[in-house]
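Everything on this sheet refers to the single structure shown next.
Positions are given from 1 along the sequence. Atoms within a ligand are numbered from 1 in the order they appear, just like the ligands themselves.
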Amino acid sequence: MAESSPTPPRWTPAASPRKRLNGVGCNNTGERKTSRGVFLTWQDVSVTAVDEKGKHKVILDRITGCARPSQVLALMGASGSGKTTLLDTLSGRLGLDLIGTGDVLINGRREMLSYGTSAYVTQENTLMPTLTVREAIHYSAQLQLPGSMSPAKKLARVDRIIREMGLSAVADSRIGGRVSKGISGGERRRVSICMQLLASPGLLFLDEPTSGLDSAAAYHVMAYVARLAQTAGITVVAAVHQPSSEVFDLFNALCLRMGGWC
Ligand SMILES: Nc1ncnc2c1ncn2[C@@H]1O[C@H](COP(=O)(O)OP(=O)(O)OP(=O)(O)O)[C@@H](O)[C@H]1O
Ligand SMILES: [Mg+2]
């Protein structure tokens, strides 16, 4: 939808212009404020894109919702309906070319997401093709897990997550890329999720975690995420395309977006 209304007011910046968009941003101090029980609420959230000619395109129009701890909220809708934009908004990663208004609240308050509280698995995999699965996850563990954690414990966590995500058989295979064929697309997807789960975030955003997976692999991944949400109290918000009925049954709540290409 294209509009040429005047530019709406941006989210009220707090500490720094891009780091606190009326509640959500990323406090990259390394301090971990809360890792569990994140109650995420959004009220009257709108997002507008403005092109070089000043033309406005409303992507999200005054939407309200919430995601609860220990639950998986599925975000569904046609391609172009704004699922990724909503995930970006909720996680404080909205692009500079987009204008967001409304409130995003963490546990009822406008506060920043402290480092380690949330994790985001993007729609595209960004993995080093030359590394093996184990190396990629291990390097990620070295970067994300606290220095006070022993190397043995880090390795144990890496091994556990590889096992739980069903990647043991390919743990020592190269990830590969366009030039050299490596693991499958579905396995790449699972590696991306593993890397974000290492730090045990309280809030997990997943953009199409099941895309490219067959129905069995999609169920395997979502069942693991749903189990993790329940056992660890994680709040999960996942944009999902055409889930099977078995995968759909794993969701606790649904946010259905209208519009887009349908
Ligand atoms: N920065 C931007 N500038 C202009 N338009 C944008 C921008 N970001 C997103 N859009 C538009 O907003 C709409 C929603 O995009 P978004 O990526 O959120 O959709 P989606 O539901 O995630 O789609 P898909 O299922 O294909 O991933 C699309 O029409 C897209 O072209
Ligand atoms: Mg998307």
Please output the side-chain donor-acceptor pairs of residues 245-255 that fall under 3.5 Å, not counting sequence neighbours, one pair per line with the distance.
unit_1: Glu246; atom_1: OE1; unit_2: Ser244; atom_2: OG; d: 3.4
unit_1: Asn252; atom_1: OD1; unit_2: Val72; atom_2: N; d: 2.7

Discussion item. Pair Asp207, Thr122 - check side-chain hydrogen bond (donor to acceptor under 3.5 Å, both in side chains), show working.
Written reply: CA-CA 5 Å; Asp207 199 356; Thr122 56; over 6 Å; no
Fill in: Ionic contact status for Asp172 with Arg134, cut-off 4.0 Å
yes
Worksheet entry | Value rounded to 0.5 Å, distance of CD1 in Ile137 from CZ in Arg190 | 10.5 Å
Worksheet item: Sub-3.5 Å donor-acceptor pair from the side chain of Gln71 to the main-chain atoms of Ala226, do we have one?
Response: no
Worksheet item: Hey, which residues fall under 4.0 Å of ligand 1 on heavy atoms?
Response: Ala49, Lys57, Ile59, Ala78, Ser79, Gly80, Ser81, Gly82, Lys83, Thr84, Thr85, Asp97, Leu98, Gln123, Glu208, His241
Worksheet item: side-chain hydrogen bond (donor to acceptor under 3.5 Å, both in side chains): which pairs involve residues 224-233, sequence neighbours left out?
Response: Glu164-Tyr224
Discussion item. For the residue pair Arg93 and Tyr120, would you count it as a cation-pi contact if the rule is NZ or CZ under 6.0 angstrom from the ring centre and within 45 degrees of the ring axis?
Written reply: yes
Worksheet item: Which count of protein N, O or S atoms is obtained for distances strictly below 2.8 Å from the Mg ion (ligand 2)?
Response: 2
Discussion item. Check whether Glu135 reaches the backbone of Thr132 with its side chain - one donor and one acceptor, N or O, closer than 3.5 Å.
Written reply: yes
Worksheet item: Between atom OG of Ser200 and atom CG of Leu228, what is the distance when rounded to the nearest 0.5 Å?
Response: 7.5 Å
